[in-house]
Number of protein chains: 2
Amino acid sequence: MLKRYSYLLVAALLATATARAQTAPPETRPLLGFEPASAATELQLEKQFDAQLKADNLRQWMKRMAAHPHHVGSPYDKDNAEFMAALFKSWGYETRIDVSYVLFPTPKLRALELVAPTRYVAGLAEKPVAEDATSGQTAEQLPTYNAFSKDGDVTAELVFVNYGVPKDYEELERRGIDVKGKIVIAKYGGSWRGIKPKVAAEKGAIGCLIYSDPKDDGYAQGDVYPKGPFKPETGAQRGSVMDMPTFPGDPLTPGYGSTKNAKRLDLSKATTLTQIPCLPISYGDAQPLLAALAGPMAPADWRGALPIPYHLGPGPAKVHLQLAFNWKTEPIYNVIATLKGSTLADEWIMRGNHHDAWVNGASDPLSGMVAELEEARALGELVKTGWRPKRTIMFCAWDGEEPGLLGSTEWAETNAKAIQEHVVAYLNTDNSDRGFLGVSGSHTLEKFFNQVGRDVPDPEKAGMSIIERRRAYDLVEGSPDAQKDARDRPDLRIGALGAGSDYSPYIQHLGVPSMNVGFGGEGQGGEYHSIFDSFDDFTRFKDPTFAYGVALAQTMGRCVLRLADADVLPFEFQNFSNTVAKYGTEVKQLAETMRTETDKQAKLLTENRYEAVADPTKTLLPPKAKEAVPYLNFAPLDNALLKLEQSAQAYAQARKANSTLPAGRQKELDQLLYQAEQLLLSTEGLPRRPWYRHQIYAPGFYTGYGVKTLPGIREAVEERKWAEADEQIKRTAAAVERFSAQVSRAAAVAAPGPAQ
Amino acid sequence: MLKRYSYLLVAALLATATARAQTAPPETRPLLGFEPASAATELQLEKQFDAQLKADNLRQWMKRMAAHPHHVGSPYDKDNAEFMAALFKSWGYETRIDVSYVLFPTPKLRALELVAPTRYVAGLAEKPVAEDATSGQTAEQLPTYNAFSKDGDVTAELVFVNYGVPKDYEELERRGIDVKGKIVIAKYGGSWRGIKPKVAAEKGAIGCLIYSDPKDDGYAQGDVYPKGPFKPETGAQRGSVMDMPTFPGDPLTPGYGSTKNAKRLDLSKATTLTQIPCLPISYGDAQPLLAALAGPMAPADWRGALPIPYHLGPGPAKVHLQLAFNWKTEPIYNVIATLKGSTLADEWIMRGNHHDAWVNGASDPLSGMVAELEEARALGELVKTGWRPKRTIMFCAWDGEEPGLLGSTEWAETNAKAIQEHVVAYLNTDNSDRGFLGVSGSHTLEKFFNQVGRDVPDPEKAGMSIIERRRAYDLVEGSPDAQKDARDRPDLRIGALGAGSDYSPYIQHLGVPSMNVGFGGEGQGGEYHSIFDSFDDFTRFKDPTFAYGVALAQTMGRCVLRLADADVLPFEFQNFSNTVAKYGTEVKQLAETMRTETDKQAKLLTENRYEAVADPTKTLLPPKAKEAVPYLNFAPLDNALLKLEQSAQAYAQARKANSTLPAGRQKELDQLLYQAEQLLLSTEGLPRRPWYRHQIYAPGFYTGYGVKTLPGIREAVEERKWAEADEQIKRTAAAVERFSAQVSRAAAVAAPGPAQ
């Protein structure tokens with residue numbers, strides 16, 4: 001579910017390392033966490049691993065698993081789970097299918113019509129195409145809908161709200177347009193979809209339509225399916241609108257596992273359903289509705305590529321929207337395959353991807369899932385040669401990711417204690433195609449990942465690593481910041497994790513060091529969450545040779561192998577310190593910029609400049625006056641960041657001074673290292689959403705997928721809650737202090753001489 | 001012809017003055033060039049002038065003159081000239097109609113069809129609408145065409161070239177697309193239209209189509225005519241494609257007047273016709289052509305609002321374009337109405353606007369023309385009360401502006417000597433509607449104009465002057481530069497004059513201080529140069545009450561009155577010095593930026609970064625390597641600018657010290673002042689276009705309307721002609737030195753004691 005929306009977002013945050021040409025021959029390359037001898041063995045092992053990987057396996061498995069729709073509750077969803085479990089077993093894994101029971105609404109009734117000034121009944125159906133073998137499986141397909149929209153039957157005037165994010169409503173207010181009692185129509189994009197009905201309801205709207213404008217996802221991007229990869233006239237994007245920024249997982253079991261007999265909330269008590277009915281539609285269905293709007297023209301940058309003037313309304317377009325859902329509880333099937341570690345069996349390396357889809361899901365999620373399967377098969381082959389990992393390796397195939405990270409979240413909540421005790425890292429993938437590396441995660445693993453990525457060749461560019469190619473991208477296409485990093489920073493700066501895939505419960509709720517990796521930027525399409533996300537589409541437009549699927553397996557397999565076999569876990573804290581310091585600078589700069597902007601606007605307001613400029617024949621009210629931005633006390637954060645820098649440096653020096661450690665100390669050190677991230681959690685969690693406990697990374701309350709770093713501080717500032725900002729600075733600083741203390745302990749254990 | 005295209009361009013360049021609240025009552029306000037006593041008289045006179053202005057006159061004259069198409073060679077063109085001449089006579093002006101004889105091509109044959117892969121025959125006709133009384137005068141209308149396109153009959157594959165400016169062809173080259181032997185289709189906008197066939201021919205294209213994309217000028221802007229003001233499906237923009245950046249006026253009489261018996265070049269020798277056939281079309285006709293293109297997608301920011309994927313081609317779309325014109329010589333009628341000055345009759349104040357149109361021309365040019373008529377009538381009324389101007393006032397109504405500034409240029413070339421001897425200033429208007437002041441001109445008149453504008457109330461904002469409202473616009477909507485000027489600069493910074501209306505020959509060829517003034521930003525529409533530029537359209541969407549037409553008359557009337565009656569001509573040189581210094585900083589910054597960009601690109605090229613990023617399934621070649629930017633010797637310019645600053649200051653002090661001058665010295669001073677601008681001309685003119693002699697202001701060789709300040713230097717740098725740049729720095733510096741010397745002479749004459 002993640003990358004189709006957030007790849008570019010991640011891309012914008014990333015920068016790549018200035019490549020040091022690998023002068024030393026691979027065999028003797030030093031590896032973080034490995035003593036020289038074991039490094040050589042490891043690199044040898046990785047060669048054998050690579051040799052096992054076969055693109056054709058990925059192709060066959062994708063074709064098989066995408067052969068039918070396999071959403072939650074469908075026969076083929078269970079069938080795929082059992083198919084994978086059988087594979088894992090056949091490769092020598094202890095394999096089980098953990099079942100949870102989750103709320104999963106499906107449409108009982110969907111009706112949308114324009115009732116004034118003219119009549120139009122929306123088709124609400126994607127038209128199969130002959131060139132796509134599975135697009136005609138109409139009987140098995142879920143109709144186009146937004147999961148966890150509430151039921152509703154509303155009729156009201158329509159208002160066009162651009163992407164439906166808060167600043168769009170400020171523009172509407174300036175034009176004298178209030179959505180109270182109206183139905184809004186928003187474009188997909190600009191935020192995670194669930195934000196749109198959430199904000200619309202906050203503003204008093206009674207219904208929400210979301211459509212894919214051809215400017216963002218249709219003919220304006222290129223030829224439409226099947227001639228090209230882009231969204232055809234009837235294509236519509238399914239997807240969840242559950243309020244995941246508050247908490248993901250089963251809405252009826254907040255914070256605990258939805259086991260068979262778990263206590264469940266009454267549906268009426270569920271807090272993460274939408275407040276208003278919400279339906280996704282195609283641009284074919286949107287055009288008659290938008291064309292019937294009058295009122296002021298939408299601001300220029302709101303307008304899409306439909307051949308009409310984009311008016312805002314309200315009305316005269318009046319629409320009737322009726323939605324009713326089957327609010328059933330369905331079983332979901334998480335496949336867990338374990339390869340027990342030899343010497344450090346109670347340290348677990350978790351590797352996961354989801355297997356459920358909205359329809360056939362070739363790209364989302366199978367493109368990542370089949371890479372994971374091939375990694376598991378290749379490791380199985382290594383085991384046959386006598387190798388065993390030091391640490392335990394778990395391959396997970398999650399169900400129910402699409403409706404709201406259901407499988408991963410419920411499994412995480414059910415097994416929280418064991419996870420926090422044992423899990424060293426969680427390594428996630430999701431849909432992935434052709435092009436450039438996109439990587440986000442815990443920055444304590446940044447240096448480790450840079451070493452991994454530097455050893456994986458780019459499939460399209462001979463002699464170039466996936467990291468080097470990514471750096472080239474940042475130098476040529478990147479933001480000034482990204483260009484600077486790519487020139488000056490030895491390591492690629494990886495992105496921060498927001499939400500949108502199964503890592504979320506592990507990092508943000510449990511404090512497990514996590515990563516999410518994929519490739520993209522060259523694969524194209526509008527197939528996302530539609531009947532056109534098929535094997536035919538993927539092999540035509542996404543990654544036809546599966547070369548990048550194999551590269552993904554090489555990358556994630558290396559991550560697993562190195563984490564499983566390292567002498568000491570390859571965590572490193574100076575890159576983390578450098579990155580958190582950057583976040584600190586950003587939030588300070590944010591407050592400064594808001595101060596300048598607020599003062600400037602206040603002056604223009606006092607001078608009545610907006611009235612002076614306003615065209616008397618149009619409505620354009622001055623912006624609302626905003627409270628001046630006070631100076632905030634960032635000292636606690638600055639002090640904590642200083643300690644972080646010092647402890648990180650101390651640990652680096654200790655490791656350098658003392659690469660060999662007695663086994664006992666290694667184990668002690670391991671635990672300090674992988675549990676450090678848990679100290680970045682606060683017991684209270686973030687304001688108004690205690691499920692999110694990580695003080696460094698969280699999905700934005702008003703962006704959804706989009707990450708907010710130092711979220712407590714940043715969102716308080718963005719929302720102009722000054723007292724809360726001061727409070728959150730202290731809370732975040734405290735978390736950083738706890739973390740630094742742990743790093744200092746690790747430094748002491750890693751230091752020469754007896755452990756303190 | 002000017003403002004419809006360049007208003008925003010001008011707007012972007014302007015900034016407004018921080019208003020000093022007019023504490024003193026108007027009656028005693030000091031006026032530049034007036035001694036206190038005469039200032040009071042002048043202000044009294046202006047009150048009487050304002051009292052004369054009647055919006056209904058503007059309305060009636062526009063209705064009358066827009067009642068039929070009145071392009072060059074049409075009966076109604078001559079009829080309008082005679083109508084105006086009669087009016088001027090009736091108001092007491094010595095009036096004559098000066099006739100020139102100019103080349104004016106009209107279509108004999110226009111054919112455009114798509115011949116492959118499917119067939120489509122372009123309609124090439126604007127569809128009249130019932131709601132527009134004159135749009136149905138089909139028999140009298142010129143068809144849609146580009147004047148001074150050469151004849152041609154070509155068939156070739158089509159290539160989409162965005163706006164068809166040089167950087168667009170760089171993008172095409174990177175995609176491996178060559179337009180040699182092809183027909184290009186370009187969007188209107190991004191440059192003056194004449195640039196498009198000029199650049200296309202330079203690149204080897206054999207034909208050029210220009211269409212108005214609905215994104216820029218159609219439904220994407222708002223409701224289309226007649227429901228709204230924007231361009232309907234069949235609307236097409238007529239207009240000249242003569243190479244005016246080389247020289248305007250009759251192509252057969254370069255640099256001299258096209259009098260009845262003037263020696264004329266053979267048509268085959270004319271250098272300002274296009275090199276390839278060129279035709280404007282509607283988006284209705286463009287869509288089938290563009291939809292038939294294949295090849296790579298156009299870059300995202302090239303794509304318009306037609307409901308198709310914008311491919312670049314070449315082909316498979318193949319088009320046949322055939323054009324043939326009647327190359328006739330037509331008489332044009334310049335109306336010249338003179339009010340002789342009392343004491344300084346040989347100092348002429350010229351006020352002009354054109355009267356010819358492409359069709360009915362309500363907005364372009366009559367909106368400005370009727371304001372000028374009302375100014376003349378009001379002055380006539382003042383004469384009846386016994387007033388006479390000190391200096392001679394000339395009201396001009398030019399013919400043949402649309403095809404290429406024919407009337408104004410030929411008149412200027414015919415009367416060059418008298419103009420340079422006598423003309424104090426040329427004050428131009430053209431189409432004007434509702435909203436914000438737009439003013440460009442000689443910066444030696446900047447302070448003068450600020451005083452004028454501060455005395456003209458904005459029709460829509462009680463108690464606010466047109467200058468104050470413009471400042472508000474810049475503060476709220478302006479660029480950071482404009483905002484800074486609006487906060488910090490006492491006077492509005494007026495724009496610089498490019499081309500696009502009748503001031504061009506006066507300022508750029510003869511060095512007459514000139515201004516161009518209009519209002520815009522609130523009137524909207526796609527009527528420009530179409531059958532929909534009608535009285536109905538203007539009174540519905542442009543300036544329904546003619547309130548801004550009256551404001552324009554108040555503004556220009558004040559300019560005329562103050563220039564005519566000032567004790568000493570109100571030229572001032574410190575604002576000019578400040579502005580030219582700013583231009584100097586800009587060209588230096590331009591060279592710096594180009595150096596940085598060139599170095600950065602060179603590094604990426606050496607490192608093969610572009611190849612690293614390229615998608616192997618697409619063609620995207622690295623950009624061409626560019627020669628490094630050398631350091632240029634700006635010292636001559638800097639030294640000249642220093643002298644300019646000193647002489648300007650000296651003149652200001654002399655005037656302050658000695659506001660009263662004996663009549664003899666006033667006359668001597670006047671002449672030094674108004675002829676100073678002629679010293680900014682170089683005898684050689686600009687490289688490759690000697691007709692343009694002004695070293696500070698010129699239309700861009702590759703922008704057309706768009707001005708280039710310090711054009712010799714700026715364009716040499718932009719085109720990376722480094723030797724020429726050093727040469728032009730010297731030449732421009734010499735012009736500034738000549739000018740400064742004249743200002744010093746003026747300071748000496750203005751200084752207390754006997755003139756030196």
Side-chain angles (χ1 to χ4, degrees), chain A residues 214-215 218-224 227-228 230 233 283 287 294 296-297 300 303-311 434-436 458-461 464 468-477 483 486-487 521-522 524 544 600-601 603-604 607-618 622, chain B residues 214-215 218-224 227-228 230 233 283 287 294 296-297 300 303-311 434-436 458-461 464 468-477 483 486-487 521-522 524 544 600-601 603-604 607-618 622:
Chain A
K215 182 177 186 178
Y219 50 73
Q221 293 292 319
D223 293 317
V224 303
K227 183 183 179 195
F230 294 101
E233 192 181 11
Y283 58 82
Q287 181 166 341
M297 280 295 286
R303 302 171 197 170
L306 291 169
I308 56 168
Y310 282 72
H311 290 281
R434 203 167 58 84
F436 304 94
D458 185 280
E460 290 175 343
K461 305 288 166 176
M464 180 175 292
E468 286 172 294
R469 192 177 185 211
R470 174 66 214 217
R471 180 195 57 204
Y473 174 89
D474 291 336
L475 286 170
V476 174
E477 303 288 341
Q483 290 180 36
R487 283 272 169 227
E522 292 179 339
Q524 295 185 299
K600 179 181 156 193
Q601 189 181 81
K603 197 165 180 1
L604 293 173
E607 297 168 339
N608 300 315
R609 303 292 188 190
Y610 296 98
E611 293 85 343
V613 172
D615 181 339
T617 68
K618 297 193 172 80
Chain B
K215 182 178 185 177
Y219 50 74
Q221 294 292 320
D223 293 316
V224 302
K227 183 183 179 193
F230 294 101
E233 191 181 12
Y283 57 83
Q287 182 166 340
M297 280 294 286
R303 302 170 197 172
L306 292 169
I308 57 169
Y310 283 71
H311 291 280
R434 203 167 57 84
F436 304 95
D458 185 280
E460 289 175 343
K461 305 288 166 177
M464 179 176 292
E468 286 172 291
R469 192 178 184 210
R470 174 67 215 214
R471 180 194 55 203
Y473 175 89
D474 290 336
L475 286 169
V476 174
E477 304 288 340
Q483 290 181 36
R487 282 272 168 229
E522 292 178 339
Q524 295 185 299
K600 180 182 154 191
Q601 190 181 79
K603 197 163 180 6
L604 292 174
E607 297 168 338
N608 299 314
R609 303 292 189 187
Y610 295 99
E611 291 86 343
V613 172
D615 181 340
T617 68
K618 298 192 170 80

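Keep in mind that what you see is a predicted model, and the values were worked out from it rather than measured. Each chain gets a letter, A, B and so on, in the order its sequence line appears, and its residues count up from 1.
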Non-hydrogen side-chain atoms of B/Y219 and A/I308 separated by less than 4.5 Å: no
Pairs of heavy atoms under 4.5 Å with chain A: top-ranked of B/L306, B/V476, B/D458: B/V476
Test item: A/K461 side-chain N/O and B/A614 main-chain N/O as donor-acceptor pair under 3.5 Å: yes
Shortest non-hydrogen contact between B/R487 and A/L604, atoms and distance: NH2-CD2, 3.7 Å
Test item: A/Q221 and B/M297 side chains (from C-beta on) under 4.5 Å apart, heavy atoms: no
Residue, of A/K215, A/E607, A/K618, A/E477, that accumulates the most heavy atom pairs under 4.5 Å with chain B: A/E607
Winner by heavy-atom pair count (cut-off under 4.5 Å) against chain B, out of A/M464, A/E460, A/E611: A/E460
Residue part contacting chain A, namely of B/A612, when any heavy atom lies under 4.5 Å: both
Donor-acceptor pair, side chain of A/R609 and main chain of B/Y473, under 3.5 angstrom: no
Contacting moiety of A/P307, where chain B heavy atoms sit under 4.5 Å: both
Minimum heavy-atom distance B/D223-A/H311, with the two atoms named: OD1-NE2, 2.9 Å
A/L475 and B/K603: CA distance, side-chain angles, deciding distance, side chain to side chain contact (heavy atoms under 4.5 Å, CB included) verdict: CA-CA 10 Å; A/L475 286 170; B/K603 197 163 180 6; over 6 Å; no
Heavy-atom closest pair, residues B/A220 and A/R303: O-NH1, 2.8 Å
Which atom of A/V613 lies closest to which atom of B/E522, heavy atoms considered: O-OE2, 4.0 Å
B/A300 portion near chain A, given a 4.5 angstrom heavy-atom threshold: neither
